[in-house]
Amino acid sequence: MNITERVDAAIATAVYDVVLPIDTMGVTFSDDDLAAVAEAYAADPAATIEAADVRFAQHMDAATAAASDDDAEEATLRARAALALKERLESL
């Protein structure tokens, strides 16, 4: 699995906790997906952060262009997960 696929998998399985945030973004990741992304980060930090940044931008663009509030909310949550993932990696 390449870096982008690892980032995508972590974002896709992110869980959002708006009542009791686990981290500053209120996003948690599956342990397996987070470990895979952390491994990619250890091997190539710049490429992993870039992949998270690209996904953040893509999901924000999707939120802006969304045809419905539901679609915009889903894209916004994915963008939030990408940002939380980046912050988590940078804190390693």
Side-chain angles (χ1 to χ4, degrees):
M1 190 181 297
N2 69 34
I3 291 171
T4 301
E5 291 169 336
R6 291 176 190 206
V7 168
D8 286 343
I11 291 169
T13 60
V15 176
Y16 309 92
D17 187 346
V18 295
V19 177
L20 181 63
I22 302 303
D23 61 20
T24 58
M25 295 292 293
V27 178
T28 57
F29 301 95
S30 83
D31 290 340
D32 291 342
D33 290 330
L34 188 56
V37 175
E39 182 180 300
Y41 182 76
D44 192 343
T48 308
I49 293 298
E50 181 181 351
D53 282 340
V54 166
R55 286 302 182 246
F56 172 77
Q58 289 173 335
H59 291 303
M60 286 305 294
D61 288 346
T64 301
S68 71
D69 288 346
D70 288 342
D71 291 342
E73 181 179 6
E74 181 178 338
T76 300
L77 290 174
R78 299 260 187 240
R80 181 176 163 199
L83 186 58
L85 182 62
K86 177 183 170 184
E87 288 180 356
R88 178 79 58 90
L89 291 172
E90 289 176 332
S91 72
L92 293 178

Minimum-distance pair of heavy atoms, taken over all atoms of S30 and T13:
OG-OG1, 4.0 Å
Closest heavy-atom pair and its distance - A10, F29:
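Closest approach of A10 to F29, heavy atoms only: O-CD2, 3.4 Å.
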Atom pairs and distances, donor-acceptor, side-chain atoms in residues 59-67, under 3.5 Å, two or more places apart:
from	atom 1	to	atom 2	distance (Å)
T64	OG1	M60	O	3.0

Applying side-chain contact (heavy atoms from CB on, under 4.5 Å), can you list everything that pairs with E74, at least two apart in sequence or on another chain?
R78
Hits for side-chain contact (heavy atoms from CB on, under 4.5 Å) against D31, two or more places apart or cross-chain, chain-then-number order -> none
Flag yes if L92 and V27 sit in one hydrophobic cluster, no otherwise; membership is Ile, Leu, Val, Met, Phe, Trp, Tyr, and two members link when side-chain heavy atoms are under 4.5 Å apart.
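Same cluster.
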Find the distance between CD1 (I11) and CG (L77) and round it off to the nearest 0.5 Å.
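With rounding to 0.5 Å, CD1 (I11) is 12.0 Å from CG (L77).
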Between CG of L85 and CD of E90, what distance do you get to the nearest 0.5 Å?
10.0 Å
For a quick test of your reading: what N or O donor-acceptor pairs under 3.5 Å do the side chains of residues 41-50 make, sequence neighbours left out?
from	atom 1	to	atom 2	distance (Å)
D44	OD1	A47	N	3.3
T48	OG1	A40	O	3.2
T48	OG1	Y41	N	3.4
T48	OG1	D44	O	2.9

Pairwise side-chain contact, E5 with N2, heavy-atom cut-off 4.5 Å (strictly under):
yes
Qualifying residues under salt bridge (charged side-chain N to carboxylate O under 4.0 Å, His left out), relative to E39, sequence neighbours excluded
R6
Residues forming a salt bridge (charged side-chain N to carboxylate O under 4.0 Å, His left out) with D8, sequence neighbours excluded
R55
